[in-house]
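For reference, the structure is listed below as structure tokens.
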Amino acid sequence: MAAPDLDRLNSLPAEDARREFLKCCGSTAWAEEMIEQRPFPSVETLKTTSDEVWSSLEEKDWLEAFHSHPKIGEKKAAAPTATEAQMWSEQEQSGTRDAATETMAELARLNREYEEKFGFIFIVCATGKTSGEMLALLRERLGNTSEQELRIAAAEQAKITELRFNKLLNL
């Protein structure tokens, strides 16, 4: 039996469903395909389908999703996002709230370096990570090739999407 909030998501008109899906992942191609795949008989099917759709997308679709996130340590994304998505980003990045000024400055500097090198912002599933852990990951990932980093960022986005489904569906 489906969860009540999944039943609601399954029954929404397409435009309303698109808004809900875009709160979880900022790729319009992904959201459109998720709308087409409804109804989902279970949350597990929803999440599996999400992963399958996400991995089938093109690089431009992944980059679109990345633009819906603020940089680590910042509050505003490059692309317009729903209020809930902004709130969720702040919660997910809570490890930076009490970070030392030096740590935040280093995050900002390395975020710029990362974006210059790869052409997109540093994407990490920040939930449960301290600012120091995120900084260490950022430093480490700067050593990757562009192809490696795109794949890693896409995998991090998939983790974020799953966490946001849990929030969207009140799980």
Side-chain angles (χ1 to χ4, degrees), residues 17-37 44-82 84-96 99 103-168:
R18 180 178 300 101
R19 276 192 293 277
E20 294 298 291
F21 282 122
L22 287 172
K23 292 174 186 176
C24 299
C25 176
S27 165
T28 52
W30 173 85
E32 292 298 326
E33 186 59 30
M34 292 299 289
I35 291 165
E36 293 299 316
Q37 294 292 325
E44 183 67 30
T45 303
L46 168 75
K47 290 178 179 181
T48 300
T49 302
S50 172
D51 287 342
E52 290 168 357
V53 170
W54 179 245
S55 64
S56 74
L57 295 178
E58 297 178 18
E59 180 178 327
K60 68 178 176 60
D61 303 312
W62 290 354
L63 294 175
E64 179 187 21
F66 299 167
H67 279 94
S68 69
H69 294 281
K71 294 175 185 174
I72 295 296
E74 295 184 8
K75 294 184 189 243
K76 191 152 175 61
T81 56
E84 288 94 337
Q86 290 174 5
M87 183 179 69
W88 293 342
S89 286
E90 285 184 40
Q91 291 169 352
E92 291 157 2
Q93 292 191 32
S94 64
T96 63
T103 302
M104 294 307 292
E106 186 68 357
L107 276 169
R109 186 185 72 74
L110 291 178
N111 271 326
R112 285 190 301 276
E113 185 179 326
Y114 180 99
E115 193 167 6
E116 288 169 12
K117 179 176 181 178
F118 297 115
F120 55 89
I121 69 164
F122 175 64
I123 300 293
V124 64
C125 184
T127 299
K129 290 180 178 62
T130 66
S131 58
E133 289 169 326
M134 288 182 265
L135 183 56
L137 285 169
L138 178 50
R139 282 189 180 118
E140 178 184 317
R141 287 173 50 187
L142 273 165
N144 291 335
T145 66
S146 293
E147 185 177 314
Q148 288 172 319
E149 193 52 30
L150 181 65
R151 295 276 170 211
I152 292 168
E156 292 295 307
Q157 173 64 58
K159 292 178 197 174
I160 294 165
T161 301
E162 182 170 341
L163 287 172
R164 290 185 177 187
F165 274 139
N166 291 340
K167 294 172 186 174
L168 182 72

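Values below: all heavy atoms of this structure, side chains included; hydrogens, waters and symmetry mates excluded. All residue numbers in this chain count up from 1 along the given sequence. Computed from a predicted model, the values in this text were never measured in an experiment.
For the atom pair Met134 CE and Asn111 CG, the distance stands at 10.5 Å (nearest 0.5 Å). Note that SG of Cys25 is 11.0 Å distant from CH2 of Trp62, once rounded to the nearest 0.5 Å. Distance check: Leu57 CG to Gln157 CD gives 10.5 Å after rounding to the nearest 0.5 Å. The structure places CD of Gln37 at 8.0 Å from CD of Glu52, a figure rounded to the nearest 0.5 Å. Here the CZ-OG1 distance, from Arg151 to Thr145, works out to 10.5 Å after rounding to the nearest 0.5 Å. Between atom CZ of residue Arg112 and atom CG of residue Leu107 there is a gap of 11.0 Å, rounded to the nearest 0.5 Å.
Residues Leu22 and Ser27 share a closest heavy-atom pair of CD2-O, 3.7 Å. The nearest pair of heavy atoms linking Ile160 to Cys125 is CG1-CA, 3.9 Å. Closest approach of Ala154 and Trp54 over heavy atoms only: O-NE1, 2.9 Å. Looking at every heavy atom in both residues, Leu110 comes nearest to Leu135 through CD1-CD1, 3.6 Å. The minimum heavy-atom distance between Ile121 and Pro70, with the atom names listed, is CD1-O, 3.8 Å. Residue Ala153 comes nearest to Ile123 through the heavy atom pair O-CG2, 3.7 Å, listed as atom of the first residue, atom of the second, then distance.
Note: Tyr114 and Phe122 have perpendicular aromatic rings, judged against thresholds of 30 and 60 degrees for the angle between ring planes. Between Phe165 and Phe21, the ring planes lie perpendicular to each other; the angle is over 60°, past the 30° to 60° tilted range.
Between Asp61 and Trp30 the shortest side-chain heavy-atom distance does not fall below 4.5 Å. Taking the side chain as every heavy atom from C-beta outward, Lys47 and Asn166 approach each other to under 4.5 Å.
Residue pairs meeting the salt bridge (Lys or Arg N to Asp or Glu O under 4.0 Å) criterion with at least one partner in residues 136-149, sequence neighbours excluded, are Glu106-Arg139, Arg141-Glu149.
For Glu113 and Arg109, the salt-bridge test passes: some basic side-chain N is under 4.0 Å from an acidic carboxylate O. Between Glu156 and Lys159 there is a salt bridge, since at least one side-chain N of the basic residue sits less than 4.0 Å from a carboxylate O of the acidic one.
Looking at Glu32 and Thr28, their side chains never bring a donor and an acceptor atom within 3.5 Å of each other. For the residue pair Lys117 and Asn144, no side-chain donor N or O sits within less than 3.5 Å of a side-chain acceptor on the partner.
Judged by distance alone, the side chain of Asp51 and the main-chain N or O of Thr48 form no donor-acceptor pair under 3.5 Å. Between the Thr49 side chain and the Thr45 main chain, a donor and an acceptor come within less than 3.5 Å of each other.
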